Each structure stands twice: as C-alpha cells, then as structure tokens.
Number of protein chains: 2
Amino acid sequence: MSKHRMTKQKTLILAIVKSTTCHPTADWVYQEARKEMPKISLGTVYRNLRLLVEMGAIMELNYGSSFSRFDGNPENHYHFVCINCDKVTDIAFKEPLDLNSKVVDNVEILFHRLEIYGYCKECQGSRKQGTENKSRESE
Amino acid sequence: MSKHRMTKQKTLILAIVKSTTCHPTADWVYQEARKEMPKISLGTVYRNLRLLVEMGAIMELNYGSSFSRFDGNPENHYHFVCINCDKVTDIAFKEPLDLNSKVVDNVEILFHRLEIYGYCKECQGSRKQGTENKSRESE
DNA sequence: ATATATGCAAACGATTTGCCACTAA
DNA sequence: TTAGTGGCAAATCGTTTGCATATAT
C-alpha cells in the first residue's frame, strides 16, 4: 500500500466532489477543477478520484451509463434516477430494508447497491413528449 | 420502429444467452457464437445483444465493471455478485421488498435495481489470501 | 424486390498509463 | 532526499458505426 500525499490537486478534487449534491461525472469535476487550477490534467482528476474512492472518502456510482458518477457522501445510501432527465438525487426509506433476514439462501450480504428509477418531481407533470423510455428505441 | 428479421445470427445469440446461467459478457457470447458460426463478427454480436435487450428478450446488467453482462432471464430478479471471484448468480427473497411503501418521498418507483455483494459459497471458506478487496489496491 | 442485417475495420468515448519533471514528507 | 504525484499525450478497452455486400421477408 502506498502512503498518500495531500496535494493541492487532491484537496481541490475532494472539495469539489464534497461541495455538490449533483453526483458529478469525472469530466464535470475536471471542468470545475480547471476554474481553480487551469493546468490540472484530466488524468490527475481520474487518478485522484480513484484514490479517493479507495480511501473511502467518496463513492463511485454507475448507472448503466457508459461513465461513472461520484458522490461526496461515502456512507451507504440510495439514489433515485430520473428516467426522463437523468438527474440523480438521494432517496431514503422509512425503515431499514433488512435484506439479510429476507434473503432465501444463507449467504452473507456484505453490502448492496440499490437504485430507484422513476420520474423526478420536475419531470412528473411534464410526462408529455411520450418519452416514457428515453433510450435508443428511436429510428 | 423497425421490424426485426430473425436471422441465423440473432437466433444463435439468443440461444447462447438463454442457454447459460453465467450472465455472460458480450465477448463470451462472441466466443461461443464463433464455435457455431466462425465468421460472425463482434459488431453483429453487440448489435444483436442490444436488439434483444430492446425487444425485452434478454436483460443487460452492469456491475461497476467497465463492461456489461447479459442475462437470458428478462424478468426482474436480483443478483448476487461474489466480491472474490466476480461470479454472478441469481438470488431470491422470501417476501417482496415493497419499496414503494417504504420510500420517504412521495415519488413513484417505476423500477429498481438491486445487487447484493458478498462471498459466494465457494469463496466463503477460502477467504484466505487477504483478498478482502480484489480491486486494484495492489502494487 | 427491398429494407434490414452482416462482416469488416475504423471510429469512438471514457478511462488508464508511461514517462519525466515536480513536490510534499 | 526521495517516493509519491502531476502534466501531457499516447494507449487501452469495451462498444458503436460507416459502408458495401448479403439475405430474410
């Protein structure tokens, strides 16, 4: 294992991810970082995002998309993904799901990932355009 | 919408995905397909896998990995991912999770994705090698 | 007959990596 | 001082696509 150095770049990247609730992509973090540090490179952003994930400081998400999103909140929590506008928000349950007691096989659940899909409040009303499924069912 | 032709390639690819419970990757399907049809192309495999997903004949999964896996069972069900050997198996619950009644916000859940992580039965005992986290924490 | 699918190879986009200079410890 | 890190550009890898040909319907 390597010992981490707290460089300006790493500090900045962590601050950016922690400062937003928008569950940003690596490229969004890169664009933000460049405002503060114009010469920062995309490779550095990727490297540090990975390091921060491994350190447990942030969390990596990925929703079938071809790219990852990052979450400044490393605690296990759930996400709601709007299938119209792709926005990702946090979502909570009234009670713990308690999956371990409900699972049929006697396997030990160490952790799990749950993502909820639907229309967010903004897209709820405007369910017009027939965009029931925004995927590539076109042509 | 386009009308689908039932080509030999599409039939073969569907049969391959349906015939296994190993939740194969596109490349695994390609390798299998080549045994039957040596000149089939990887592009055709990808194209047909996508078509079959859109038709609802199979399901696309993706677990943080950089690549997708496919599942011959298109019905909504849950997966157990072994964090040691990466194997993906189906998993069931004794009772429905009933997320809609437990969610705090009054959003409507249209569908959800849940993945369970832990050690499969084979890797359970052999939790030796300190491979608690098989990721890239090496070097 | 003809629109859709194929094989092939080149393109793509997100992410990773090799290299050498730099800098935090 | 020195091992980890940054910047840069090239490489990688899964996946997609353009194009001319083949084939289901």
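No experiment lies behind these values; they were computed from the predicted model shown. Reminder, nothing fancy here: chain letters follow the sequence lines and each chain counts from 1.
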* Taking the inter-plane angle between the rings of Tyr117(B) and Phe111(A) on a 0 to 90° scale, is it parallel (under 30°), tilted (30 to 60°) or perpendicular (over 60°)? -> parallel
* Structure fact -> Looking only at dG6(D), dT15(D), dA25(C), the nucleotide nearest the Thr44(A) side chain is dG6(D)
* For Thr25(A), report the nucleic acid contact type (base, sugar-phosphate, nothing); a contact means any heavy atom under 4.0 Å. => nothing
* **Side-chain donor-acceptor contact under 3.5 Å, Gln9(B) with Thr44(B)** => no
* Asked: Quick one: is dT23(C) close enough that its OP1 or OP2 comes under 4.0 Å of any side-chain N or O from Lys8(A)?
  -> no
* **Lys10(B) vs dA24(D): side-chain N/O to OP1/OP2 distance below 4.0 Å** => no
* **Separation of dA14(C) P from Arg69(A) CZ (nearest whole Å)** => 12 Å
* Tell me: CG of Asn62(B) to P of dT15(C), nearest whole Å? -> 12 Å
* When the distance from CG of Leu61(B) to P of dT15(D) is rounded to whole Å, what number comes out? -> 12 Å
* Asked: Ion pair present between Arg113(A) and Glu115(A), side-chain N to carboxylate O less than 4.0 angstrom?
  -> yes
* Does Ser68(B) place a side-chain N or O at less than 4.0 Å from the phosphate oxygens OP1/OP2 of dT15(D)? -> yes
* Return the value, rounded to whole Å, for the distance between atom NZ of Lys3(A) and atom P of dT2(D). => 13 Å
* To do: Report yes if a side-chain nitrogen or oxygen of Ser66(A) is closer than 4.0 Å to either non-bridging phosphate oxygen (OP1 or OP2) of dG13(C); otherwise report no.
  => no
* Structure fact -> Taken to the nearest whole Å, CZ/Phe67(B) to C1'/dG13(C) is 18 Å
* So, is Gln9(A) near the phosphate of dG7(D), with a side-chain N or O under 4.0 Å from OP1 or OP2? -> yes
* Thinking salt bridges, do Glu122(B) and Lys87(B) make one under a 4.0 Å N-O criterion? -> yes
* To do: Classify the side chain of Arg47(A) versus the base of dG4(D) as yes if they form a donor-acceptor pair under 3.5 Å and no if they do not.
  => no
* Structure fact -> Taking for Thr7(B) and for Tyr46(B) the nucleotide of DNA chain D with the nearest heavy atom, the one nearer the 5' end belongs to Tyr46(B)
* To do: Indicate, yes or no, whether a donor-acceptor pair under 3.5 Å links the base of dT4(C) to the side chain of Arg5(B).
  => yes
* Asked: Whole-Å distance between dG7(D) P and Arg34(A) CZ?
  -> 12 Å
* Could you tell me whether Asn48(A) contacts a base, only the sugar-phosphate backbone, or nothing, with contacts defined as non-hydrogen atoms closer than 4.0 Å? => sugar-phosphate
* To do: Determine the interplanar angle of the Phe93(B) and Tyr78(B) rings, folded into 0 to 90°, and report it as parallel if under 30°, tilted if 30 to 60°, perpendicular if over 60°.
  => perpendicular
* To do: Grab the CG-P distance between Leu42(B) and dC8(C) for me, whole Å please.
  => 11 Å
* Asked: Arg50(A) side chain N/O closer than 4.0 Å to the phosphate oxygens (OP1, OP2) of dT5(D)?
  -> no
* Nucleotide dG6(D), atom P - distance to CD of Glu36(A) in whole Å -> 16 Å
